[in-house]
Number of protein chains: 2
Amino acid sequence: MSNFGDYLRKVREERRSGDATFSVRQLASRVGVEPSYLSKVERGQQQPPSEKTIAALANELDEDPDVLLALAGKVSGDLQSIIRRRPKLFAELIRQLKDMPDHAVLRLVREVRDGEW
Amino acid sequence: MSNFGDYLRKVREERRSGDATFSVRQLASRVGVEPSYLSKVERGQQQPPSEKTIAALANELDEDPDVLLALAGKVSGDLQSIIRRRPKLFAELIRQLKDMPDHAVLRLVREVRDGEW
DNA sequence: GGTAGTGTGTAGTATATGGTACACGCATGA
DNA sequence: TCATGCGTGTACCATATACTACACACTACC
């Protein structure tokens, strides 16, 4: 699920199967936008919405806001702070991560979490 | 040097000591913006400029565009692609990196570069 | 067969973004 | 003392962004 709109629609329809209030209209209303706008966002005919609206969507859908923000190409404050503190280092890291397979990244995350750093 | 404007001014003044053509006016002219605008950007009174303008600045100042873009909070295409492909993984990695000391990140980069991954 | 709910198309809009235009005051040097 | 170059302040502006407003067509229920 590689883009914001598809992901949003998928999540909304999952919620909807359990709870009939997750129509485009209902969700848009609770989030505070027009249904036609939300519909276009889900189909990728609009750019992803503002961070405020994304946060509201995440809240209503009980989703991780960071994931939605990442999918929308809006980078979290944490990431910004890393970039600002060590830009060259970060650029280099990204260059390396680009060609790193999933299992390698997973191993890194595991090692870091287990305090090996 | 933690923000775009300060960094830009520092680099420009370094170049200037060697070459008198690196005044605000001269650089702005070559980049194709107004000097007052460039001045405000350097002092942080304007948001960082567009990616196009940042690229032109990087070119004229012989700087790494990725670093300037990172400082400006504009994330590179490579990073976007990573985020889109593996958003949760990336969010987790960032959470870990946040508290990682410099030497740990450096070690990671070194290991990756040396093919240990 | 009307009405209630569904998603969507089109047209328009307020505000933010990314600048321009031009003038001002300060140094420096001739 | 005045021309030249420096950075900067103020006012304005064109375009893009992030939406709104409203109507339309389809389905299902009764």
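In the text below, chain A, chain B and the rest are named by the order of the sequence lines, each starting its count at 1.
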Quiz item: Taking the six-membered ring of B/Phe22, is NZ or CZ of B/Arg30 closer than 6.0 Å to its centre and within 45° of its axis?
Solution: yes
Rounded to the Å, how far apart are [X] [atom1] and [N] [atom2]?
| X | N | atom1 | atom2 | answer |
| --- | --- | --- | --- | --- |
| B/Arg9 | D/dG7 | CZ | P | 8 Å |
| A/Gln47 | D/dA16 | CD | P | 13 Å |
| B/Phe22 | D/dG7 | CZ | P | 13 Å |
| B/Arg12 | D/dT8 | CZ | C1' | 12 Å |
| B/Lys52 | D/dA16 | NZ | C1' | 14 Å |
| B/Leu38 | D/dG9 | CG | P | 13 Å |
| B/Glu13 | D/dC6 | CD | P | 13 Å |
| A/Glu34 | C/dT10 | CD | P | 17 Å |

Practice problem: By nearest nucleotide on DNA chain D, pick out whichever of B/Thr21 and B/Lys40 is the more 5' one. | Solution: B/Thr21
Any side-chain heavy atom of [X] sitting closer than 4.5 Å to one from [Y]?
| X | Y | answer |
| --- | --- | --- |
| A/Leu27 | A/Leu38 | yes |
| A/Arg15 | A/Glu60 | no |
| A/Leu8 | A/Leu61 | yes |

Side-chain N or O of [X] less than 4.0 angstrom from OP1 or OP2 on [N]?
| X | N | answer |
| --- | --- | --- |
| B/Ser39 | D/dG9 | no |
| A/Ser23 | C/dT6 | yes |
| A/Arg16 | C/dG5 | no |
| B/Ser50 | C/dT17 | no |
| A/Tyr37 | D/dT20 | no |
| A/Arg43 | C/dG9 | yes |
| A/Gln26 | C/dG5 | no |

Quiz item: Quick one: does B/Arg25 reach the base of D/dG7 with a side-chain donor-acceptor pair under 3.5 Å?
Solution: yes
Quiz item: Does the D/dA21 base have a donor-acceptor partner in the side chain of A/Ser36 within less than 3.5 Å?
Solution: yes
Self-check item: Side chains of A/Arg43 and A/Ser39, donor plus acceptor under 3.5 Å
Solution: yes
Quiz item: If you look at every strand shown and take non-hydrogen atoms under 4.0 Å, does A/Gln46 touch a base, only sugar-phosphate, or nothing?
Solution: base
